[in-house]
Amino acid sequence: MTKYSFEFNLKVVNVYLSGGYRFLTEKYHVKDRKKIHHWVNTYKEFDTDMLKQCIDEGADYDLVIAIGSIIMMKMVSQLTKTYGIKTIVSMNPVMVDGTGMCGGCRVTVDGKIKFACVDGPDFDGHQVDFDEAMRRQTMYQQ
């Protein structure tokens, strides 16, 4: 199974949104149309346009709380960081024992190892290493 970077996925999604996917498989050498549909649906899930629009129109937020998929929380955190808005994310991975012993809920926050089941699950979204968390989520995929 071919792995594509998040940036590549987002690039393909933006091209899709601006004109469809007819030529995408050839242009980007993505043979499976289902991948493009998956990327588009994922994009729609974490679409931060509404939050950005509210901020740009003058909404004054002191705090944003993001709860959902890791990719959605990453995108919200990236957006709010540009505006200097404090952001809390809830890292609710599968927690096996609730004591931090298994390490299944390990997350890097501000360069330090934390365990969501013991130290969290809520963390400063601007300090979470979301890329590492996403890689850890795919460790057991076939």
Side-chain angles (χ1 to χ4, degrees), residues 1-21 24-142:
M1 181 164 108
T2 305
K3 300 259 182 185
Y4 297 98
S5 71
F6 171 75
E7 289 75 18
F8 178 79
N9 296 357
L10 190 57
K11 181 179 181 178
V12 173
V13 167
N14 284 327
V15 171
Y16 168 84
L17 293 173
S18 66
Y21 61 84
L24 287 177
T25 54
E26 291 179 19
K27 181 174 181 172
Y28 293 108
H29 308 289
V30 179
K31 295 178 182 174
D32 187 358
R33 251 189 206 179
K34 290 180 183 179
K35 280 192 184 300
I36 296 172
H37 287 286
H38 173 73
W39 297 343
V40 170
N41 290 335
T42 301
Y43 172 84
K44 289 176 181 177
E45 175 188 340
F46 68 75
D47 183 15
T48 56
D49 292 343
M50 182 60 74
L51 177 59
K52 183 177 182 344
Q53 180 181 344
C54 290
I55 295 168
D56 288 344
E57 289 175 355
D60 186 25
Y61 299 109
D62 296 323
L63 173 69
V64 170
I65 300 172
I67 302 171
S69 68
I70 291 179
I71 188 68
M72 181 277 292
M73 292 187 289
K74 175 183 178 177
M75 299 309 292
V76 168
S77 295
Q78 285 179 339
L79 176 67
T80 58
K81 189 173 188 174
T82 63
Y83 289 95
I85 302 170
K86 181 177 179 175
T87 303
I88 301 296
V89 296
S90 187
M91 301 298 288
N92 290 311
V94 176
M95 296 182 214
V96 177
D97 66 5
T99 65
M101 296 295 287
C102 72
C105 63
R106 182 179 62 113
V107 62
T108 302
V109 180
D110 196 23
K112 299 176 185 96
I113 300 297
K114 302 284 184 179
F115 296 93
C117 68
V118 176
D119 303 312
D122 301 332
F123 298 101
D124 181 337
H126 301 153
Q127 295 181 348
V128 171
D129 185 340
F130 288 104
D131 293 329
E132 178 188 61
M134 287 187 288
R135 281 192 304 274
R136 286 181 54 79
Q137 276 192 325
T138 64
M139 285 175 46
Y140 302 106
Q141 288 182 347
Q142 292 185 13

Residues 55-67, side-chain donor-acceptor partners within the protein, below 3.5 Å, at least two apart:
residue	atom	partner	partner atom	Å
Asp56	OD1	Tyr83	OH	2.5
Asp56	OD2	Lys52	NZ	2.8
Glu57	OE2	Gln53	NE2	3.0

Separation between CG (Asn92) and CG (Asp122), nearest 0.5 Å, reads 7.5 Å

Applying salt bridge (charged side-chain N to carboxylate O under 4.0 Å, His left out) to Asp110 and not counting sequence neighbours gives Lys112

The complete set of salt bridge (Lys or Arg N to Asp or Glu O under 4.0 Å) pairs with one or both residues in residues 66-83, sequence neighbours excluded, reads Lys74-Asp131

Residue set satisfying side-chain contact (heavy atoms from CB on, under 4.5 Å) with Glu132, at least two apart, ordered chain then number -> Arg106, Thr108, Asp129, Arg135, Arg136

Nearest heavy-atom approach of Gly103 to Phe115 is CA-CE2, 3.7 Å

| Are any side-chain N or O atoms of Ser69 and backbone N or O atoms of Met72, one a donor and one an acceptor, separated by less than 3.5 Å? | yes

Nearest heavy-atom contact between Met73 and Gly68 is CE-O, 3.4 Å

Shortest non-hydrogen pair, Val128 vs Val107, comes out as CG1-CG2, 4.0 Å

Sorted by chain and number, sequence neighbours left out, side-chain hydrogen bond (donor to acceptor under 3.5 Å, both in side chains) with Thr87 holds for Thr80, His126

